[in-house]
Amino acid sequence: MKCFIDISNGETAKLSDVPQLSSNDFRKIIIDEVAQGSRLSALFGHLLPGGKVLIYAVLAQKETASLLLLSSPVDGKYPALTPDCEQAHLFEREIAEQYGVFPEGHPWLKPVRFPPAGRSVEDLFGLLPGNNQCGVMDYFKMAGEEIHEVAVGPVHAGIIEPGHFRFQCHGEIVHHLEISLGYQHRGIERALLGGPDKRSIHYAETLAGDTTVGHGLAYSRILESLSKCKVSARAQVIRGVAQELERIANHIGDLGALAGDIGFLPTMSYCGRIRGDVLNMTAVLCGNRFSRGLIRPGGVGFDIDAKCIENLLKKLETVRMESESAVDLLWTTPSVLARFEGVGQITSAVCSKLGLVGVAARACGEAMDVRQDFPYGIFRFSHIPLSTWSTGDVFARAFVRWLEVQRSIAFIREQLESLPDGDVMAPIGKLAPSRIAVSMREGWRGEICHVAITGENGKFVGYKVVDASFHNWFGLAYAMRQQQISDFPLCNKSFNLSYCGFDL
Amino acid sequence: MLGILKARLFQGHRTIKFPDGPAPELPDKFAGRPQIECSKCPSDCGKQCVDICPTGAFAASNDDAITPSIDMGKCLFCRACSNACKNNAVSFGRTYQLSAVKREDLVVKNNDTSERVVRNKKVCDLFGRSLKLRQVSAGGCNACEADTNVLNTLAWDLGRFGIQFVASPRHADGLLVTGPVSQNMREALLKTYEAVASPKIVIAVGSCAISGGPYRGQKESCNGVDTILPVDLFIPGCPPHPLTILDGLLRLIGKL
């Protein structure tokens with residue numbers, strides 16, 4: 001019997017072709033595959049008519065550039081994967097919270113988002129319908145003389161999204177950090193069911209508002225693959241340019257904010273402004289600094305003309321020169337390096353165990369990038385070199401960002417200078433019924449995975465979103481171990497994860 | 001040290017001249033205040049503008065004539081309506097001044113180009129010289145947050161107007177709220193509001209904070225800030241351009 005089917009990134013499969021395995025076989029295959037280097041990109045529940053839950057897994061197998069799909073029906077409980085596969089940890093908590101399925105032997109079974117709408121009866125965690133006390137749960141506690149707990153949030157200093165952080169400290173040293181989120185939960189996956197409709201693209205665009213292009217692309221590919229729509233080369237290039245602009249803007253903003261967190265004002269001041277200049281380049285494409293309205297299923301909402309390209313190339317050169325001047329200060333100032341190096345370190349072994357993705361993983365030396373490993377759109381024809389660094393500390397996460405900024409700038413220039421002709425929009429037809437589609441994109445934080453399941457009428461009956469932040473928040477908690485609590489802002493910014501992208 | 005000075009010289013002084021000088025350049029494709037010209041609406045129009053709007057911002061009653069209107073508090077400025085209208089009756093102009101102190105002032109009707117009164121005498125008297133705000137994201141997607149934050153950069157230098165974002169509600173004169181107010185943030189938002197000493201103001205930024213935006217009607221959210229708190233200033237957009245936010249803040253405290 002076949003244990004899984006494999007598809008390429010951005011393709012679909014007949015729902016009935018996905019093998020349904022027993023819990024034990026399902027568990028064994030995932031654990032073996034992950035041990036051999038595959039990554040658990042998604043693990044999620046799907047409610048079947050009649051109340052049974054089917055658990056789907058998407059394993060990303062880099063060597064073959066394929067995505068393995070398998071499933072297992074569950075009746076109330078199943079043996080947890082987490083004890084033998086740490087990557088499943090949050091996924092299994094999520095399934096328990098959403099579907100009331102009990103993962104037996106899960107070592108850390110707690111709520112994930114405290115969804116107020118999900119509960120019709122008392123849930124697995126004893127939370128009652130109508131009770132939405134987000135963040136109320138049993139936190140890990142250390143005991144002993146002079147041990148103290150620091151609780152921060154949900155509303156914390158600065159203009160930042162809400163989340164709750166509990167530090168277990170002995171003096172300045174953090175022994176454990178537990179992060180409890182869910183405050184931003186807007187029920188997007190639930191809202192997408194029954195679609196696509198006129199609101200769906202706006203949910204995708206606001207899943208994580210700083211990753212409008214990343215999620216917009218992942219969502220659009222789902223529709224394009226299910227309706228066999230062919231996106232023109234011109235639209236693919238514009239999409240690629242938009243995605244790399246999003247990456248540059250956020251990375252430069254992060255480099256500035258990292259400088260701010262250690263009190264190095266020159267780079268902070270310059271990068272804050274340059275980030276805005278890059279957002280303004282995005283606005284040259286579509287009128288909006290956050291690419292709203294640009295990425296649309298079938299192509300892009302706006303074409304660009306010669307004047308626009310000239311304008312962008314000119315601005316790009318200014319950004320290149322000014323960001324070089326601003327960011328090079330970081331690498332040549334000893335007091336900056338002293339604060340970046342060796343802080344918030346993660347080894348590559350821990351990185352792969354936790355299943356970190358994106359910048360955080362590449363900063364641990366992991367050669368991993370959806371644009372390279374599972375290429376899509378323009379990245380099938382034009383490759384961006386992979387940027388890695390091996391030290392796994394704040395420095396590495398900062399330096400990988402800078403490498404990526406430089407390579408994205410070069411990529412955009414190359415693409416704008418050779419923009420193919422053609423239309424930018426192709427019509428989207430009816431979606432194929434009873435299929436499953438998987439679409440992965442490399443957002444600026446890292447891997448974004450969308451999975452859609454269509455019903456007999458071609459409408460969504462299941463929609464799963466996995467933002468890079470879902471994989472990486474635990475990495476931040478891990479990076480804080482044995483660090484000074486005063487280094488938390490610095491470590492936090494070096495990951496700069498999304499709250500709403502996690503909370504959905 | 002010399003490297004830092006060299007960079008300083010190269011980067012130059014970059015704070016914008018606005019409001020004393022010209023406003024920063026807006027992009028060619030900018031979608032500002034919507035305009036409706038009913039004279040262009042045929043009597044047998046299929047009103048696709050209404051059907052296609054994702055948030056119900058576009059309304060048209062059909063009593064005797066078609067009288068369409070756009071509620072900027074719900075509008076995502078996505079241009080689905082103007083793209084759908086074959087008669088060019090709907091367009092998005094270049095006016096970036098979108099704020100209003102009254103919710104109903106956000107509704108744009110036929111040939112409506114009148115300026116909205118944004119000044120509030122009481123707020124001017126109390127906070128005209130110094131306004132400290134605590135920002136609360138209550139289900140916001142981080143776009144409104146980011147373009148509010150950008151006002152703190154040296155390019156915009158919000159501090160020169162006496163407006164500052166502070167770390168604690170105890171230091172604040174008011175709240176600037178983004179997001180549709182998720183159920184999970186409702187209590188935290190109310191507690192933060194209570195922690196601000198009276199007299200205090202509330203500013204709602206972005207269509208989510210004003211009406212729920214695309215999350216309007218979802219049970220995980222509260223359909224905007226004014227369903228649970230009194231709001232003194234509405235700044236529409238998805239997200240609003242930083243210039244729109246700055247314009248709203250300055251008008252509110254009488255500096256524009």
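Lettering follows sequence order; numbering is per chain, from 1.
- The contact between A:Val155 and chain B is made entirely by side chain atoms (from C-beta outward), counting heavy-atom distances below 4.5 Å.
- With a threshold of 4.5 angstrom between heavy atoms, B:Arg216 approaches chain A through its backbone and through its side chain.
- Contacts between B:Ser137 and chain A at a heavy-atom distance below 4.5 Å involve backbone atoms as well as side-chain atoms.
- With a 4.5 Å cut-off on non-hydrogen atoms, B:Phe165 touches chain A through its side chain but not through its backbone.
- Looking at A:Arg199, the atoms closer than 4.5 Å to chain B (heavy atoms on both sides) sit in the backbone and in the side chain alike.
- Rounded to the nearest 0.5 angstrom, B:Cys141 SG and A:Glu161 CD are separated by 8.0 Å.
- For A:Leu181, no part sits under 4.5 Å from any heavy atom of chain B, backbone or side chain.
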>> For a side-chain contact (heavy atoms from CB on, under 4.5 Å) check, start with the C-alpha distance between A:Arg289 and B:Asp147, then their side-chain angles and the critical distance, and finish with the verdict.
In response: CA-CA 9 Å; A:Arg289 285 158 51 94; B:Asp147 261 355; 2.7 Å; yes
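- For a residue to count as touching a neighbouring chain, one of its non-hydrogen atoms must lie under 4.5 Å from one of that chain's; by this rule B:Asp51 touches chain A with the backbone only.
- The part of A:Asp277 that comes within reach of chain B is its side chain, from C-beta onward, which places non-hydrogen atoms under 4.5 angstrom from that chain.
- Of the two parts of B:Thr192, only the side chain, counted from C-beta on, holds a non-hydrogen atom closer than 4.5 Å to a non-hydrogen atom of chain A.
- Here the closest non-hydrogen pair linking A:His156 and B:Arg134 is O-NH2, 2.8 Å.
- Looking at B:Ala80, there are no atoms closer than 4.5 Å to chain A (heavy atoms on both sides), in backbone or side chain.
- Formation of a donor-acceptor pair under 3.5 Å by the A:Tyr183 side chain with backbone atoms of B:Gly139 is not found in this model.
- With a 4.5 angstrom heavy-atom cutoff, B:Pro239 touches chain A via backbone and side-chain atoms both.
- For a residue to count as touching a neighbouring chain, one of its non-hydrogen atoms must lie under 4.5 Å from one of that chain's; by this rule B:Phe30 touches chain A with backbone and side chain alike.
- The interface of residues 22-29 of chain B with chain A, defined by heavy-atom distances below 4.5 Å, comprises B:Pro27, B:Asp28, B:Lys29.
- Look at B:Arg14 and A:Glu322 and you find a salt bridge, because one of the NZ, NE, NH1 or NH2 atoms lies within 4.0 Å of a carboxylate O, short of that distance.
- Judged by distance alone, the side chain of B:Asn184 and the main-chain N or O of A:Arg113 form a donor-acceptor pair under 3.5 Å.
- Residue A:Thr206 touches chain B through both its backbone and its side chain, counting heavy-atom pairs closer than 4.5 Å.
- Proximity to chain A is limited to the side chain of B:Leu76, based on heavy atoms less than 4.5 angstrom apart.
- Put simply, the side chain of A:Gln184 gets close to the backbone of B:Gly140: a donor and an acceptor are under 3.5 Å apart.
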>> The test is side-chain hydrogen bond (donor to acceptor under 3.5 Å, both in side chains); show your working for A:Tyr499 and B:Glu145 and say whether it passes.
In response: CA-CA 12 Å; A:Tyr499 297 74; B:Glu145 290 81 351; over 6 Å; no
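- When each of A:Ala283, A:Gly501, A:Pro266, A:Gly293 is scored by its heavy-atom pairs under 4.5 Å with chain B, the top score falls to A:Ala283.
- By number of non-hydrogen pairs under 4.5 angstrom with chain A, the leading residue of B:Arg79, B:Lys6, B:Lys191 is B:Arg79.
- Using a 4.5 Å cut-off between heavy atoms, B:Cys53 contacts chain A through its backbone alone, with no side-chain atom that close.
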